[in-house]
Student: 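Attaching a single structure in structure tokens format; questions to follow.
All values below come from the heavy atoms of this structure, side chains included, with hydrogens, waters and symmetry mates left out.
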Amino acid sequence: MVRGNTKLSQWLVIGAGVLAAAFLMMTPPVFAQNARVLVLQRNFVEPGDPARELFNHGQSLYDQFRYLEAEKTFREVVAKYSNSNIADKAEYYLIRTLGQLGKTPEALTRVKAFPKTYPRSTWTPDVEEFAMQWTDQAPGVARSILIRRAPALTLAPADIQAVNQQISLMQEALRVMFRSDVTDALQITNDRLKTNMADPVALSVLGMIATTAAPQGLPILVDVAKNSPSMRARKDAIYWMSQGPGDKDMTIDTLMGLLPAASEDTTDAVTFSLAQIRTEKAYNALAGIVLDKTRSESLRKLALVRLGQNHDLRAKDALENITTSDTDGRFRMEALQILEALLRRR
């Protein structure tokens, strides 16, 4: 009996030990889980960045055109959180807001102080760009950057944003120069294109080159139309030739001179530009393309379509010429249909 009780006691001790071990094995995860919950709860109730929250509120007011309230909010960010990483952006938006409110003198004062207050800010080019828009004057530093024609570099992704900002600043500076000193602006544009025919700064002012009526403007456009590696730039240059106030007959001759060497993607732009000029000579030039059997059939057909797109009665004689001179009859019927539609609109 005693021996049996001893055996039972041993089993009880062993069982208690197993249960204790099991409890100990279970305990750490339970405590760890509780610890994680406590951490999450603590993080959840921690306050956010007050400077950024206040700035976001100001930006929301700005987007709602509530400029007076936005001005007050941005001023508060700049004054209370001058050392925060959002202060320069708040200053930039304050400058924009002051401009919207017509407080240009204070805005320009802040623009001038911005580089000194925030010497490492990525918003400096944007601030300077706004200043140029208000004053129509390019700062000396912008002009020196325009003249400097650095070779193309392989950029790291982190540098792309900074380069885009600089390009935007230079584009605005060059536009300002076209409004204040056309000769100098054309020279800078021409020099930049000689270095790089795909230069985004020079290509951004093709419209201004066309509308300045400067004698040297047309050759620049022709150079881009012939030699730029950018298809869009070539087509844009061809289009802007037709929009300039210069000698239309000379422009037509220039456009026709582009056709022999033009690629298929730019012949479309040539016929479109000829139709945009809307003179008798321009319409006759299109008719000449239709009747020229050495041209591709697609180009001839495109020129015929352009003749009817403007619904201009001045195209009547050119269309009649096609109906009587198209000896192989390939485009005679189409020309008759376009002519009839044109006459019905009288």
Student: Identify whether the distance between the nearest side-chain nitrogen and carboxylate oxygen of R192 and D199 falls below 4.0 Å.
Tutor: yes

Student: Do F65 and Y62 land in one hydrophobic cluster if side-chain heavy atoms of ILVMFWY residues count as linked below 4.5 Å?
Tutor: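 Same cluster: F65 reaches Y62 through Ile, Leu, Val, Met, Phe, Trp or Tyr contacts under 4.5 Å.
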
Student: With no hydrogens and no angle check, just 3.5 Å: does a side-chain donor-acceptor pair link S230 and S228?
Tutor: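 Absent: no donor and acceptor within the cut-off.
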
Student: Within this structure, what is the CG-CG distance for the pair L291 and N321, rounded to the nearest 0.5 Å?
Tutor: 5.5 Å

Student: With no hydrogens and no angle check, is any side-chain donor or acceptor of S242 less than 3.5 Å from a backbone partner on Y239?
Tutor: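 Indeed, once roles are kept as given, a pair shorter than 3.5 Å links the two residues.
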
Student: May I ask you to say whether E106 pairs ionically with K112, meaning some side-chain N is under 4.0 Å from a carboxylate O?
Tutor: no

Student: Which heavy-atom pair separates I252 from A285 by the least distance, and what is that distance?
Tutor: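 It is CG2-CB, 4.1 Å.
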
Student: Compare all side-chain heavy atoms of D126 with those of Y92 and state whether any distance is below 4.5 angstrom.
Tutor: yes

Student: Measuring only between side-chain heavy atoms, which start at C-beta, is T117 closer than 4.5 Å to E91?
Tutor: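 Answer no - side chains too far apart.
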
Student: Apply side-chain contact (heavy atoms from CB on, under 4.5 Å) to D268 and R306, showing your working.
Tutor: CA-CA 10 Å; D268 180 16; R306 298 298 189 201; 2.3 Å; yes

Student: Check the hydrophobic clustering (I, L, V, M, F, W, Y; side-chain heavy atoms under 4.5 Å; chains of links allowed) and say if M231 and L259 are grouped together.
Tutor: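 Different clusters: M231 never reaches L259 through Ile, Leu, Val, Met, Phe, Trp or Tyr contacts under 4.5 Å.
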
Student: Would V77 end up clustered with L61 when hydrophobic side chains under 4.5 Å apart are linked, directly or stepwise?
Tutor: no

Student: Do you know which two heavy atoms are closest between A202 and L174, and how far apart they sit?
Tutor: CA-CD2, 4.3 Å

Student: So do the side chains of R120 and D88 get within less than 4.5 Å of each other, counting heavy atoms only?
Tutor: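 The answer is no; the side chains never approach within 4.5 Å.
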
Student: Using every non-hydrogen atom in the two residues, find where N310 and A275 come nearest and quote the distance to one decimal.
Tutor: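 Closest approach of N310 to A275: ND2-O, 2.6 Å.
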
Student: Provide the full list of ring-ring contact (aromatic ring centres under 6.0 Å, His included) pairs with a residue in residues 291-345, sequence neighbours left out, each pair given once.
Tutor: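 Every candidate ring-ring contact (aromatic ring centres under 6.0 Å, His included) pair involving residues 291-345 fails, so no pair, neighbours aside, qualifies.
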
Student: Would you indicate whether the side-chain heavy atoms of I277 and Q243 approach each other to under 4.5 Å?
Tutor: no

Student: Sub-3.5 Å donor-acceptor pair from the side chain of T266 to the main-chain atoms of A262, do we have one?
Tutor: no

Student: Within this structure, what is the CD-CG distance for the pair Q216 and N190, rounded to the nearest 0.5 Å?
Tutor: 8.5 Å

Student: Tell me, please, whether F178 has R175 positioned over its six-membered ring: NZ or CZ under 6.0 Å from the ring centre and within 45 degrees of its axis?
Tutor: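 R175 over F178 ring: no.
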
Student: Take a 6.0 Å sphere around NZ of K301 and say whether it holds more than 12 heavy atoms from other residues, nucleotides or ligands.
Tutor: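 12 or below, so no.
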
Student: Is the side chain of S82 donor-acceptor paired with the backbone N or O of A79 at a distance under 3.5 Å, no angle test?
Tutor: no

Student: Considering non-hydrogen atoms only, spot the tightest contact between I209 and T212 and give its length.
Tutor: O-OG1, 2.9 Å

Student: Going by distance alone, is a donor N or O of one side chain under 3.5 Å from an acceptor N or O of the other, for D317 and Y283?
Tutor: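 Side-chain D/A pair, D317 to Y283: absent.
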
Student: Check this for me: R232, atom CZ, are more than 12 non-hydrogen atoms of other residues, nucleotides or ligands nearer than 6.0 Å?
Tutor: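 Result for CZ/R232: open.
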
Student: Does a sphere of radius 6.0 Å around CD in E280 hold more than 12 heavy atoms from other residues, nucleotides or ligands, not counting ones at 6.0 Å or beyond?
Tutor: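 For E280, atom CD is not crowded (no more than 12 foreign heavy atoms under 6.0 Å).
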
Student: Test N227 against L193 for side-chain contact (heavy atoms from CB on, under 4.5 Å), laying out the working first.
Tutor: CA-CA 10 Å; N227 301 312; L193 287 171; over 6 Å; no

Student: As a quick check of understanding, evaluate side-chain contact (heavy atoms from CB on, under 4.5 Å) for L98 and T104, giving each step before the final call.
Tutor: CA-CA 6 Å; L98 291 170; T104 307; over 6 Å; no

Student: Do I338 and V305 have side chains that approach each other closer than 4.5 Å (heavy atoms only, starting at C-beta)?
Tutor: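 The answer is no, as the side chains (C-beta and beyond) never meet within the 4.5 Å cut-off.
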
Student: State whether E69 and R66 are salt-bridged, where the test is any N-O pair (Lys NZ or Arg NE/NH1/NH2 against Asp/Glu carboxylate O) under 4.0 Å.
Tutor: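 Looking at R66 together with E69, the answer is yes, because their closest N to O distance falls below 4.0 Å.
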
Student: To the nearest 0.5 angstrom, please state how far the CG atom of D223 sits from the CD1 atom of I220.
Tutor: 8.5 Å

Student: Between S60 and Q64, do the side chains contain a donor N or O and an acceptor N or O under 3.5 Å apart?
Tutor: yes

Student: One pair to check against side-chain contact (heavy atoms from CB on, under 4.5 Å): L342 and L307. What are the steps and the verdict?
Tutor: CA-CA 10 Å; L342 184 63; L307 272 171; over 6 Å; no

Student: Could you check whether D253 pairs with K281 (Lys NZ or Arg NE/NH1/NH2 to Asp/Glu carboxylate O, under 4.0 Å)?
Tutor: yes

Student: Examine distances only and state if a side-chain atom of D49 and a backbone atom of A51 form a donor-acceptor pair shorter than 3.5 Å.
Tutor: yes

Student: Please say yes or no: joined through hydrophobic side-chain contacts below 4.5 Å, possibly via intermediate residues, are L302 and L286 part of one cluster?
Tutor: no

Student: Could you check whether any side-chain N or O of Q171 sits under 3.5 Å from a backbone N or O of P200, counting only pairs where one atom can act as donor and the other as acceptor?
Tutor: yes

Student: May I ask you to decide if A335's main-chain N or O and T323's side chain share a donor-acceptor pair within less than 3.5 Å?
Tutor: no

Student: Roughly how far, to the nearest 0.5 Å, is CG of L274 from CG of N284?
Tutor: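 Output value for this atom pair is 11.0 Å.
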
Student: Under 6.0 Å between ring centres, would you say that holds for Y81 and F55?
Tutor: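 Aromatic pair excluded; centres sit 6.0 Å or further apart.
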
Student: Considering only NZ, NE, NH1 and NH2 on the basic side and carboxylate oxygens on the acidic side, decide whether K72 and E76 come within less than 4.0 Å.
Tutor: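 No salt bridge links K72 with E76.
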
Student: Do the side chains of E320 and R332 get close enough for a salt bridge, i.e. N-O under 4.0 angstrom?
Tutor: no

Student: So do the side chains of M256 and I289 get within less than 4.5 Å of each other, counting heavy atoms only?
Tutor: yes

Student: Within the 4.5 Å heavy-atom criterion, are L258 and M241 side-chain neighbours or not?
Tutor: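 When only atoms from C-beta onward are counted, M241 and L258 do touch, with a gap below 4.5 Å.
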
Student: Is a donor on one side and an acceptor on the other found under 3.5 Å between the side chain of D247 and the backbone of M250?
Tutor: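 Such a contact is found between D247 side chain and M250 backbone.
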
Student: Can we say E71 and R75 salt-bridge, meaning some charged N sits less than 4.0 Å from an Asp/Glu carboxylate O?
Tutor: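 Looking at R75 together with E71, the answer is yes, because their closest N to O distance falls below 4.0 Å.
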
Student: Measure the shortest side-chain to side-chain distance between M333 and L336 over non-hydrogen atoms and say whether it is less than 4.5 angstrom.
Tutor: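 Yes, their side chains come closer than 4.5 Å.
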
Student: With rounding to the nearest 0.5 Å, note down the distance linking CG in N85 to OG in S121.
Tutor: 11.0 Å

Student: Below 4.0 angstrom, N of the basic side chain to O of the carboxylate: do R330 and D326 qualify?
Tutor: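 Between D326 and R330 there is no salt bridge, as every charged N stays at least 4.0 Å from the carboxylate O atoms.
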
Student: Any luck finding a side-chain donor-acceptor pair between D191 and Q187 under 3.5 Å?
Tutor: yes

Student: Do any N or O atoms from the side chain of R234 and from the backbone of V224 form a donor-acceptor pair under 3.5 angstrom?
Tutor: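 A pair under 3.5 Å: no.
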
Student: Checking the side chain of R110 only, and the main-chain atoms of I95 only, is there a donor and an acceptor separated by less than 3.5 Å?
Tutor: no

Student: If I take atom CD from residue Q276 and atom OG1 from residue T271, how far apart are they, to the nearest 0.5 angstrom?
Tutor: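 So the gap between those two atoms works out to 10.5 Å.
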
